[in-house]
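Note: hydrogens, waters and symmetry copies are ignored here, and every other heavy atom, side chains too, is used. A quick note: this is a predicted structure, and the numbers were derived from the prediction, not measured. Whatever order the structure lists ligands and atoms in, that order sets their numbers, starting from 1.
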Amino acid sequence: MPAKKVPSPATAASAPAPAPAGPPGTGLSLVQRALRKLGLVRDIDFALYLPMRYEDETRIVRIADLREGDLGQFEAVVTESEVSYRPRRQLVVTVDDGSDTCQLRFFNFYPSQQKQLAVGARVRVRGEMRGGFIGRQMLHPTIKAAGTALPNALTPVYPTVAGLAQPVLRREVRSGLARAVLDETIPVQIGLRGAWDLRASLSFLHYPTPDVSMAALEDHSHPAWQRIKAEELLAQQLSQMQARLERAAQRAPRLPSSPEPLASSLHAQLLAVLPFGLTGAQQRVGQEITHDLGREIPMHRLLQGDVGSGKTVVAALAAARAIDAGFQCALMAPTEILAAQHFGKLVGWLDPLLAARGLRVAWLTGSQKKKERDQMSAAVESGEAALVIGTHAVISEKVRFKNLALALIDEQHRFGVAQRLALRGKAGGELEPHLLMMSATPIPRTLAMSYYADLDVSTLDELPPGRTPIVTKLVAEHRRDEVIDRIQSQISQGRQVYWVCPLIEESEAVDLRNATETRDELAGTLGDAVQVGLLHSRMPTAEKAAVMAAFTANEIQVLVSTTVIEVGVDVPNASLMVIEHAERFGLSQLHQLRGRVGRGAAASACVLLYAPGDSGRVGETARARLKAMAETSDGFEIARRDLEIRGPGEFLGARQSGAPLLRFADLTTDVLLLDWARELAPVMLEKHPELAQRHIDRWLGTKAEYLKA
Ligand code: ADP
Ligand code: MG
């Protein structure tokens, strides 16, 4: 849905300036293209593009006062200048400022520089001072003519890309900042007061006075930074709350709940055939979903729960509600294996019940034979397929639903915005389907409050009874033999084992080779009685499915995989998981992986193999981080630590590709600012909608639309 267009001086004035002519025929100059890469188009984009650090060119010091490691600037006279060829061609210059001398060395130099550094010249030299047995020295310092005026502010250093030199970027930012309209969007009566308004804060942060505490600039605690972070968080809250309001104006099919005693409802019948009772958390979350489905406003809910907390049942019960109301439901999973597992489970539960109603469960994936696929598509179109399960094939253009009312998305962070949007279009007519997204990565509260403020969140915070806790052990790589013994003992008790190899992102081919070698090595060590299987993302789908089926049937006892992907698999007989190079995984990822074991009654264990590293020190940090895994089995606690260590990227998955990460605010330290923004945003949307819109446009520009998907 298009954003409300409110005429605003900010957006009007910050429209891209007409492009100066670039090389003929290209439209955009190279510089402009590089700027665009950095998201710098409008004047305001430049104004909000803040330095990552600063250089102090405001002072001239004495050579004698610079100690080794100091970054400094002095003016001196060249006393010697010669090209030396030992050990390699270089320009060696000695300068003297009266306090001491310093040698300057250049390995790459132009004749013009040589001229600039001729004996007798007075120059301004800036660089890092090094010691050395021949005395003070600088390598490749920056040289300027002496005596030019000193700047009165620190010099900003901006993040840049190849092809865009720092001085060019500086100039562009300076003129963008000068042109940008920086009037206040936060109404004084409800917002921030004080000297640090937007204009003052930006001017200061681009060109701070030299007396400022560098630490306060670097850790973003300076009041000017506080102001900017507050603005940024406010923009995020506004755009998400606005998305919420827009959704409230949309219509979805109402799916009223049939009264529970009505034993003929699919919902009641499904509850009756489940081989277990629901946990308290499942019941509570079920009620939250039922409440949403009964309304005309499309549901937009995130269901989060630790691995094994039983999200699938909750989803199936929601599907039953939709089917009871006479509508269709779709369940999408990111991989075929995961989709197949859902299908297997849900068909078992639901198919007999649906058959009695002349309905069925359909299966749609990309790898399906055309004939089967056509059949399934026909069933979807006629409405006979009340529940459609599959991969993103479910949302392919060719698939037409009769009346889709509810879309369930498993492992939501693996789906992109575009895919979720496509699903929304499937309801037909004016209606939007309800949306339930599931995630096995618990999202820390602050993250949920900022990045997911447009969603309602339900949490399964209770595991089904009878689970034995997983014992997690850290084992150094050189004790691999002990791990093999452990595997053998599990197998002799009739149990099964996962062995996870790390994903080395640069190359899938290398991953495959590593995994294959590990499989061969394990097969060799464990002997003929043990079957060792291999699962890799590059394998053809049919082959993957066959391996998975063999593992489920215990025809394969040890499954080697690179399978950070297949986190949803459910084989209760597996009691041991070994994760190789555990230090390469995120904590939340490890937590999800280990959730694959401990699903049955047997005592289960997870072994984290880590490489102690050459110096031993690398290994120690890795070990300390991994220790968290052994200390707690609470996914939320682990997520919190992960957020501290690795930042939000890990949790946001596909969401971050559309929604910009916060550039300046840090959710672990800026909780108070986040609270402030959350309080202010609804007030601003209600009382000052035009200012709110301008604030969103200013900060998010075209990106705001993505946030709403
Ligand atoms: P996840 O939340 O990781 O998707 P699943 O839905 O796969 O978890 O559930 C994990 C396992 O627990 C499944 O085998 C499921 O059938 C079982 N399960 C779900 N709810 C309960 C319950 N209330 N009592 C016992 N077992 C349950
Ligand atoms: Mg699941």
Check your understanding: What atoms in ligand 1 come closer than 4.0 Å to a heavy atom of Ser309?
Key -> 2 (O), 8 (O)
Study note, to complete from the structure: ligand 1 atoms nearer than 4.0 angstrom to some heavy atom of Thr279 are 23 (N)
Check your understanding: Which atoms from ligand 1 have a heavy atom of Thr312 less than 4.0 Å away?
Key -> 4 (O), 5 (P), 6 (O), 7 (O)
**Study point:** Derivation and outcome, side chain to side chain donor-acceptor pair (under 3.5 Å), residues Thr391 and Glu336
**Key:** CA-CA 6 Å; Thr391 56; Glu336 193 147 347; 5.4 Å; no
Study note, to complete from the structure: Within the 4.0 Å heavy-atom cut-off, what Lys345 brings close to ligand 1 is side chain
Point to revise | Heteroatom distance test (Pro465, ligand 1): nitrogen or oxygen, under 3.5 angstrom | key: no
Review point. Between Trp363 and Phe343, how do the two ring planes meet: parallel, tilted or perpendicular, split at 30° and 60°?
Key: tilted
Review point. Nearest 0.5 Å, what's the CG-NE2 distance between Leu593 and His591?
Key: 10.5 Å
Practice item. Scan side-chain atoms only and decide if Gln269 and His267 contain a donor-acceptor pair under the 3.5 Å cut-off. Key: no
Review point. Which is it for Leu278 and ligand 1 at heavy atoms under 4.0 Å: side chain, backbone, both or neither?
Key: backbone
Check your understanding: Is there a side chain to side chain donor-acceptor pair (under 3.5 Å) between Gln490 and Ser575 once you walk through the steps?
Key -> CA-CA 7 Å; Gln490 286 302 307; Ser575 59; 2.5 Å; yes
Point to revise | side chain to side chain donor-acceptor pair (under 3.5 Å) between His342 and Asp410, worked out | key: CA-CA 10 Å; His342 285 315; Asp410 199 14; 2.6 Å; yes
Check your understanding: Gly305: heavy atom below 4.0 Å from ligand 1, yes or no?
Key -> no
Practice item. Select the closest option to atom 23 (N) of ligand 1 among Pro275, Gly310, Gly277, Pro464, judged by heavy-atom distance. Key: Gly277
